[in-house]
Number of protein chains: 2
Amino acid sequence: MKKHTNEGHDFSMQDEMRRAFAMLSGKWKLEIMWLLHQRIHRFGELRKAIPGITQHMLSAQLRELEADGLLLRTVFAEVPPRVEYEMTEKARGLGPTMEALAAWWGEYGSTIPARPSMRGRKQKDLSAVKASRQSK
Amino acid sequence: MKKHTNEGHDFSMQDEMRRAFAMLSGKWKLEIMWLLHQRIHRFGELRKAIPGITQHMLSAQLRELEADGLLLRTVFAEVPPRVEYEMTEKARGLGPTMEALAAWWGEYGSTIPARPSMRGRKQKDLSAVKASRQSK
DNA sequence: CGGTATCCAAAATGATACTG
DNA sequence: CAGTATCATTTTGGATACCG
């Protein structure tokens with residue numbers, strides 16, 4: 001069968017990893033998982049914590065992550081409603097990955113100036129938009 | 001000075017991390033970096049190693065990663081042309097992150113069956129699939 | 001509050017052809 | 001071989017309406 005050498009990963013390893021990448025490559029998934037790695041979040045908290053994401057996308061990404069068994073959704077029968085999201089046992093295994101990423105960024109992030117990049121992160125001036133909105 | 005507590009990262013930490021996420025959230029970036037983490041690859045090698053990616057996207061993602069200082073592009077003045085991609089010093093710091101991810105997947109990946117997911121990974125019959133696959 | 005549904009615009013990605 | 005140019009399709013963004 002497929003051997004998983006610990007160093008110098010072989011081909012089958014790449015095939016396996018592909019599923020993991022697909023599972024995490026949504027546009028906001030890494031950020032969502034990063035937040036949940038730190039603590040349980042409510043829907044609204046995630047929305048506030050992720051500038052630029054829409055309700056629509058947040059909802060969609062959360063449902064995908066849930067379907068992939070990475071997070072757990074808990075609905076509290078209260079008024080007003082409360083829904084909490086937290087990592088599943090499996091996803092908690094991603095902790096070391098998250099920490100390693102944070103460590104890397106802490107070390108090199110500062111050395112990578114505001115650089116170009118940031119594509120797909122543009123968001124129009126929200127404060128200015130609400131001002132003049134009318135016919136459509 | 002932003003405080004970076006080691007456990008329970010604070011808010012500023014999240015803001016910092018956002019840039020890292022944006023840098024890696026392209027649809028194929030994690031996979032590309034994973035491959036380059038293992039060894040230098042030529043353009044064509046990456047294309048073969050990443051089923052489903054198009055020249056267009058591979059080229060685009062590589063240019064973005066290069067712009068973000070994560071990989072180095074080396075063109076050899078030969079015939080036929082040869083172009084090699086490798087991680088930069090900074091990006092090599094991502095090694096532990098990659099390894100942690102691989103370790104996680106090795107541990108839990110198997111427990112997450114073929115699951116639904118795979119959205120955005122659908123690719124129309126890429127010839128290779130058509131051959132009635134009976135072996136397993 | 002925490003969604004889902006809809007419609008439309010914009011951005012990202014895919015397919016195919018073509019070039020140095 | 002390693003791309004780019006162009007056009008098509010898919011995904012995501014944004015606003016609004018509506019519901020439990």
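Numbered from 1 within each chain, the chains take letters A, B, ... in sequence-line order. Please read these numbers as outputs of a predicted model, since none were measured by experiment.
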All heavy atoms of A/G93 vs all of B/W104, minimum pair found to be C-CD1, 3.3 Å
Note: A/Q14 and B/A49 closest approach over all heavy atoms is OE1-CB, 4.2 Å
[N] phosphate, OP1 or OP2, under 4.0 Å from [X] side-chain N/O:
X	N	answer
A/R63	C/dG3	no
A/W28	D/dT11	no
B/Y85	D/dC1	no
A/R42	C/dG2	yes
B/K27	C/dG14	yes

Rounded to whole Å, how long is the line connecting atom [atom1] of [X] with atom [atom2] of [N]?
X	N	atom1	atom2	answer
B/M57	D/dT9	CE	P	18 Å
A/L58	C/dA5	CG	P	16 Å
A/K48	C/dG3	NZ	P	15 Å
B/E84	D/dG3	CD	P	12 Å
A/E66	C/dG2	CD	P	15 Å
A/E64	C/dT4	CD	P	12 Å
A/I53	D/dG13	CD1	P	7 Å
B/E31	C/dT13	CD	P	14 Å

Students often get this wrong, so: under 4.0 angstrom with heavy atoms, is [X] touching a base, only sugar-phosphate, or nothing?
X	result
B/R47	nothing
B/Q61	sugar-phosphate
A/Q55	base
B/F76	nothing

Side chain of [X] only, heavy atoms from C-beta on: which candidate in [options] is closest?
X	options	answer
B/P81	D/dA2, C/dG2, D/dT4	D/dA2
B/H56	C/dG14, D/dG20, C/dG20	C/dG14
A/S59	C/dC1, C/dT13, C/dT4	C/dT4

**Asked** If we only count heavy atoms from C-beta on, is the A/L65 to A/L36 side-chain gap below 4.5 Å?
**Response** no
Comparing B/F43 with A/T54, nearest DNA chain D nucleotide closer to 5' gives the residue B/F43
With a 4.5 Å cut-off on side-chain heavy-atom distances among I, L, V, M, F, W and Y, is there a chain of contacts connecting A/L70 to A/L58?
yes
In terms of side-chain geometry, is the basic nitrogen of B/E66 or B/R63 positioned less than 4.0 Å from the acidic oxygen of its partner? no
Residue pairs passing the salt bridge (charged side-chain N to carboxylate O under 4.0 Å, His left out) test with at least one member in residues 40-61 of chain A, sequence neighbours excluded, are A/R39-A/E45
